[in-house]
Amino acid sequence: MKTNLLFNQKTVFSFEVFPPKKTSPLETIYSTLRELGYFKPDFISVTYGAGGSLNGQTTIDIAHSVKHTYGIESVAHLPGINFDKAEMLKILHDLKCAGIDNVLALRGDISPNVPPKDDFRFASELVTFIKENGDFNVIGACYPEGHLEATTLKQDLIHLKEKVNAGTDQLISQLFFDNDYFYAFLDKAHDMDINVPIEAGIMPVTNKNQIERMVSMCGVNLPKKFKQMMEKYEHHPDAFRDAGIAYAIDQIVDLVSQNVDGIHLYTMNNSYIARRISEAVSTLLAVPKSA
Ligand code: FAD
């Protein structure tokens, strides 16, 4: 099923997982998926290692299992920067053979170890190519605080509009910790006639190293109350985890009350945290969206 069709019916709630690192057995992801399946997310998306660091077949295999073993709609992430058109055609063929209908088309992060190729310099070029060469629901990434490489948020939105015009059916946002950035972004996107559904990306932060890495990788702002929370609990791991979960739940309560299209939870493959959050927000998500 194409996941863009879900947004007419409800506030969409989805999860993101990543393939286990090469040093961990692949089986670990399957127990995580089994546990995540209990919360009946609308779909689960599976990342694709940056810079070609992971075999894409792993992403396809996991996305296939999400759908066919666990009965949950799946989305395969697909970064274009390290592939040429012939390689991309083969991947699209493999995705179709695996029964996958939804692709998150990305440029991908540029790795110093893997030289980028020229065919898909921007995600919009990949979106056009996928639409011309397959029957997929195409999802794109968006950045409420602007992409790190963009000179201004306005410039980034102009490129986002190009990506939507190329055929993107739905968007998932980068994580953020201040909902006001997301609401301001939605207003600007609507002013530019970007009218596809936009899910809010929420990451529960459960340890300090994780947040430091995220801030440097994504360039997101940390609100004062978030920093105070980190300082107070930094030497108390259980309290830090619980505060991080509570913070994410607060964000979701506010977002759902404001009738956002959906919530995309970056689970970090942690089914315990996904369970705590899913249980806290399930009754909210069951309330129909107001017009
Ligand atoms: P684009 O949309 O191409 O944008 C990249 C930059 O180029 C932006 O600054 C944009 O403003 C600019 N730009 C776009 N078009 C033009 C143009 N025509 N001319 C000039 N500038 C332009 N990475 C992975 O490797 N694997 C994953 O699985 C993965 N999953 C992700 C999931 C989500 C929800 C998100 C938000 C990101 C994910 N990423 C992943 C990270 C992503 O690959 C990086 O953020 C990457 O740097 C940008 O990808 P993009 O698709 O947003 O690129």
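Atoms within each ligand, like the ligands themselves, are counted from 1 in listed order.
Contact annotation for R107 and ligand 1: heavy atoms of both the backbone and the side chain come within less than 4.0 Å of the ligand. At a heavy-atom cutoff of 4.0 Å, ligand 1 is contacted by no atom of F18, backbone or side chain. Here Q155 has no heavy atoms under 4.0 Å from ligand 1, in either its backbone or its side chain. Residue L148 does not touch ligand 1, judged by heavy-atom distances below 4.0 Å. Neither the backbone nor the side chain of H264 has any atom closer than 4.0 Å to an atom of ligand 1 (non-hydrogen atoms only). Looking at Y266 against ligand 1, only its side chain comes within 4.0 Å, counting heavy atoms.
Between K2 and N102, the shortest heavy-atom distance links the atoms CA-OD1, 3.3 Å. Across all their heavy atoms, I100 and H64 have their closest contact at CD1-N, 4.0 Å.
R107 and E125 are not joined by a salt bridge, as no carboxylate oxygen comes within less than 4.0 angstrom of a charged side-chain nitrogen. For the pair E132 and K85, the salt-bridge criterion is not met [side-chain N within less than 4.0 Å of a carboxylate O]. Salt-bridge annotation for R275 and E35: absent, with no side-chain N of the basic residue lying under 4.0 Å from a carboxylate O of the acidic one.
Centroid-to-centroid, the aromatic rings of Y247 and F226 come within less than 6.0 Å.
The ring-ring contact (aromatic ring centres under 6.0 Å, His included) search around F15 returns F13, not counting sequence neighbours. Partners of Y181 under the ring-ring contact (aromatic ring centres under 6.0 Å, His included) rule, at least two apart in sequence or in another chain, do not exist in this structure.
Interface of E162 with ligand 1, defined as ligand atoms under 4.0 Å from a residue heavy atom, comprises 18 (N). Residue H77 approaches ligand 1 through these ligand atoms, each under 4.0 Å from one of its heavy atoms: 27 (C), 28 (O), 29 (C), 30 (N), 31 (C), 32 (C). Of all the atoms in ligand 1, the ones that sit under 4.0 Å from a non-hydrogen atom of A150 are 9 (O). Under a 4.0 Å criterion applied to the non-hydrogen atoms of D156, ligand 1 contributes the atoms 8 (C), 9 (O), 10 (C), 11 (O).
F122 and H159 have parallel rings, their planes meeting at less than 30° on a 0 to 90° scale where 60° marks the start of perpendicular. The aromatic rings of Y70 and Y30 sit parallel, their planes meeting at an angle under 30°, below the 60° perpendicular limit.
Note: an N/O pair closer than 3.5 Å links A123 and ligand 1 by distance alone. Geometrically, ligand 1 and T47 share no nitrogen or oxygen pair separated by less than 3.5 Å. Close N/O approach between G108 and ligand 1 is found [any backbone or side-chain N/O within under 3.5 Å]. The shortest N or O to N or O distance between K163 and ligand 1 is under 3.5 Å. Polar contact check, Y48 against ligand 1: a nitrogen or oxygen pair lies under 3.5 Å apart. Between E149 and ligand 1, not a single N/O pair is under 3.5 Å apart. Looking at ligand 1, you won't find any N or O of S124 less than 3.5 Å from one of its N or O atoms.
Comparing heavy-atom distances from atom 35 (C) of ligand 1 across A141, C142, S45 singles out A141 as nearest. For atom 7 (O) of ligand 1, the nearest non-hydrogen atom from the set F122, F120, Y143 comes from F122.
In the hydrophobic clustering of this structure, L104 groups with L5; members are Ile, Leu, Val, Met, Phe, Trp, Tyr whose side-chain heavy atoms approach within less than 4.5 Å, directly or through other members.
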